[in-house]
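We count residues from 1, following the sequence as given.
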Amino acid sequence: MNNKIIIYQIFTRLFGNRNTTRKPWGTLKENGSGKFKDFDQKTLKHFKDMGISHVWYTGVIRHASHTDYSANGIPTQHPAVVKGKAGSPYAICDYYDVDPDLAVKVDDRMKEFEALVARTHKAGLKVITDFVPNHVSRQYLSIAKPEGIIDLGADDDKENGFDPQNNFYYCPGCNLEAWFDMRKGVVSEDADINIPEEAYRESPAKATGNDHFDNHPGQNDWYETVKLNYGIDYWTGFGHFDPVPKTWQRMLDILLFWAAKGIDGFRCDMAEMVPTAFWAWATEKVKKAYPEIIFIGEVYDPHQYRNYISSGFDYLYDKVGMYDTMRSAICGHGSAYGITGAWQSVDDIKSHMLYFLENHDEQRVASDFFAGSAEKAIPGLVASVLMQANPFMLYAAEEYGEKGMDEEGFSGRDGRTTIFDYWSIDTLCRASEDKLTDEEKYIYNVHEKVLKIARNEKAIDGDFYDLMYANNTAHFNVNEHYAFLRKGGNDMLLVVCNFSHNAVDIDVNIPAHAVEYLSIPEKTYDAVDLLTNENAKLTVKRDESVNMTVQPYSARVWKFDISNKPAAKKAPAAKKASSTKKATTAKKTTAKTTTKK
């Protein structure tokens, strides 16, 4: 097994929930919630066997919700400033507590989380949790903070709009005003909700989480959150970092609290909205105490990538580069050749870029708003996972082709799986009962196959060679096809992706520079396609082509040994029972394959 990181993002509240009521705007009692206990050894072993290395348990920290746990000593949240019935996991109301929805015994919720961390480690997996540094819920109040910790905002000077030692920004003399009903917030007409006797009041109003610094956030603002103050005066643009702002120390305390729970990494929400000066200060201190811990940053501005990496981040989202490019290629709106430009633009920091096709913020690949079919994304999956050694992130149920087309509540039908409401995910429920369709089983088998290649093949830890510059020919359409080589030791992989809806007969040119750079002996090799288990004779010569057939929305991953050893042992192929895409053994002289319909 190599060092490739494969992160499995799990929306913890949804993953293990098998309640199929799925009432829009439904309560916890009506729609249910997944629990920490759902991640038993069998489930965790399945993740490990699938090729996962890290599990990101999303939405663990206690956040604002409509559900009343006052009987357990947990403060209730006003519905006017909660999105959805379950609430956004990014409107944190206590950084030192966990979501009671996830516990079997609410009063033992932290112990249940600690047991989950231990089980995950026992299964050979690492744990990632959220760190939400930019904003908190409007009614933040910690009931679980350790002794000696001062609550956020407790000692703020609220008469100052900005003070470098305040935790929040204020609008002195102004009450919070909003576009919605301050008694009940934003709910559908048929939503069952307990309307408080009093409207929500906030005086003076605090700045809203998405850098909205007045007292009347709008419909598209993060109106349920308040912005944290790291010492930047947004009215002048100046940073005041000496003396160290109180917010810095309080957020460092939170990081160290969770690191002490044994977690292995933080996924840092909207990291680019927090100054790099804080990150450099905080990551150094956390890594000094916990050297193996990793920081993953949600950063969208490519011009800032290198600043955040130099400030202690191990990995950054490659969203506006690789994700957007891959999405365009999958949907047929952009050229596959753009993939080359996407990785080249960050070549000097490529090991720090995190690739993905889905996450909780993005639309599901199979949704009507993206590709409309999970099968169309297979070439993008193969390229994203195999072309570099950097991490890849998979979103739970992506491997089954989950469509995300439910209308769950607050977010409506938007092609995303809700993060705001109580719900269960259709494909995960049916997978637990072995009721997947043939198409869904095929999608899963391909995902499992690709992830295992990424984790088990030593070539994935080795050299990468993009073949696109040498393949703009009549028998290779650079708008629809993408090809590259990987090499580790004597193991070679030739990967060819077909983003088109047609089966294609492709000639992949191997340029002289690739032969020389990768030290490939020029001869004929016994090769095996790791996706289909087909065998072929593959002749590699400088500036000559390898011919092959590639099925629609699919790929070839030819493995061959450049020493004199025999070809790799066969592995079970990914089969698609509902379609006719089954290829026969290739001809002896080339990698050309024929297809039986």
Side-chain angles (χ1 to χ4, degrees), residues 61 63-64 75 78 81 90-96 131-143 145-178 200-218 221-257 268-286 304 307-308 311-312:
I61 302 175
H63 52 271
H78 198 290
V81 284
Y90 298 102
I92 301 297
C93 56
D94 190 343
Y95 277 117
Y96 293 99
F131 176 55
V132 188
N134 177 67
H135 49 270
V136 296
S137 70
R138 288 208 172 264
Q139 292 183 293
Y140 184 90
L141 176 65
S142 177
I143 61 170
K145 60 185 181 294
E147 186 177 352
I149 295 292
I150 299 174
D151 224 357
L152 290 167
D155 53 0
D156 278 4
D157 177 2
K158 298 180 183 179
E159 298 306 313
N160 270 335
F162 167 75
D163 185 308
Q165 295 304 320
N166 278 353
N167 295 140
F168 301 122
Y169 297 91
Y170 296 91
C171 301
C174 299
N175 297 328
L176 180 69
E177 300 174 0
Y200 177 75
R201 291 184 173 86
E202 185 177 292
S203 182
K206 303 181 187 75
T208 301
N210 60 318
D211 292 357
H212 192 99
F213 291 99
D214 59 36
N215 66 323
H216 46 274
D221 288 311
W222 305 346
Y223 60 82
E224 83 281 23
T225 69
V226 292
K227 174 80 173 180
L228 282 167
N229 172 9
Y230 284 82
I232 294 182
D233 183 346
Y234 282 91
W235 288 269
T236 66
F238 291 117
H240 301 264
F241 305 146
D242 187 14
V244 170
K246 290 179 181 178
T247 301
W248 288 27
Q249 185 59 55
R250 290 174 186 175
M251 301 310 281
L252 174 62
D253 290 340
I254 292 161
L255 286 166
L256 292 172
F257 173 84
C268 301
D269 184 69
M270 296 309 299
E272 71 176 71
M273 298 182 76
V274 174
T276 55
F278 164 76
W279 289 119
W281 179 85
T283 57
E284 179 184 20
K285 294 179 183 304
V286 174
Q304 294 295 321
N307 293 336
Y308 281 87
S311 298

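Contact between Gln139 and His78 at its shortest, heavy atoms only, is OE1-N, 2.7 Å. Across Ile149 and Asp253, no two heavy atoms sit closer than the pair CD1-OD2, 3.5 Å. Of all non-hydrogen atoms in Tyr234 and Met273, the two that sit nearest each other are OH-O, 3.9 Å. Nearest heavy-atom pair, Lys158 versus Pro204, reported as atom, atom and distance to 0.1 Å: O-CG, 3.7 Å. Across Thr283 and Ala280, no two heavy atoms sit closer than the pair OG1-O, 3.7 Å. Pairing each heavy atom of Pro146 with each of Phe257, the nearest pair is CG-CD1, 4.1 Å.
The shortest distance between side-chain heavy atoms of Leu152 and Ser142 does not fall below 4.5 Å. Side-chain contact check for Ile143 versus Tyr96: every heavy-atom pair is 4.5 Å or farther apart. Side-chain contact check for Phe168 versus Val136: some heavy-atom pair is nearer than 4.5 Å. Residues Asp156 and Tyr170 form a side-chain contact, since some pair of their non-hydrogen atoms from C-beta on lies under 4.5 Å apart.
Using the six-membered ring where Trp is involved, Phe162 and Tyr169 have ring planes that are parallel, under 30° apart on the 30 and 60° scheme. The aromatic rings of Trp281 and Trp248 are tilted relative to each other, their planes meeting at an angle between 30° and 60°.
Distance check: Ile61 CD1 to Phe131 CZ gives 8.5 Å after rounding to the nearest 0.5 Å. To the nearest 0.5 Å, the span separating OH on Tyr308 from OG1 on Thr276 amounts to 6.0 Å. With rounding to the nearest 0.5 Å, the separation of CD in Gln249 from CD1 in Ile150 is 10.5 Å. The structure places CG of Asn307 at 11.0 Å from CD of Glu272, a figure rounded to the nearest 0.5 Å. Interatomic distance, OH of Tyr230 versus CG of Leu228, reported as 5.5 Å (0.5 Å rounding). Annotation: the span from Asp157 atom CG to Gln165 atom CD amounts to 11.5 Å, rounded to 0.5 Å.
Of the possible donor and acceptor atoms, none in the side chain of Ser137 sits under 3.5 Å from a partner among the backbone N and O of Thr225. A distance-only check finds a donor-acceptor pair linking the side chain of Asp214 to the backbone of His216 [under 3.5 Å]. With hydrogens and angles ignored, the 3.5 Å screen pairs a side-chain donor or acceptor of Asn229 with a backbone N or O of Asp163. For the pair Trp222 (side chain) and Tyr90 (backbone), a donor-acceptor distance under 3.5 Å is absent. No donor-acceptor pair closer than 3.5 Å links the side chain of Asn134 to the backbone N or O of Val274. Checked by atom type and distance alone, the side chain of Asn210 never pairs as donor or acceptor with a backbone atom of Asp221 at under 3.5 Å. With hydrogens and angles ignored, the 3.5 Å screen pairs no side-chain donor or acceptor of His135 with any backbone N or O of Glu224.
When each of Arg250, Lys246, Lys227 is paired with Asn167, the side-chain hydrogen bond (donor to acceptor under 3.5 Å, both in side chains) condition holds for Arg250 and for no other.
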Test side-chain contact (heavy atoms from CB on, under 4.5 Å) on Arg138 and Thr208 and set out the steps. CA-CA 9 Å; Arg138 288 208 172 264; Thr208 301; 2.7 Å; yes

Does the side chain to side chain donor-acceptor pair (under 3.5 Å) test come out yes or no for Asn175 and Ser203, once each step is laid out? CA-CA 5 Å; Asn175 297 328; Ser203 182; 2.7 Å; yes

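Ring-centre distance between Tyr95 and Tyr140: below the 6.0 Å cut-off.
Sparse packing is recorded around CZ of Phe238, with 12 or fewer heavy atoms of other residues, nucleotides or ligands lying under 6.0 Å away.
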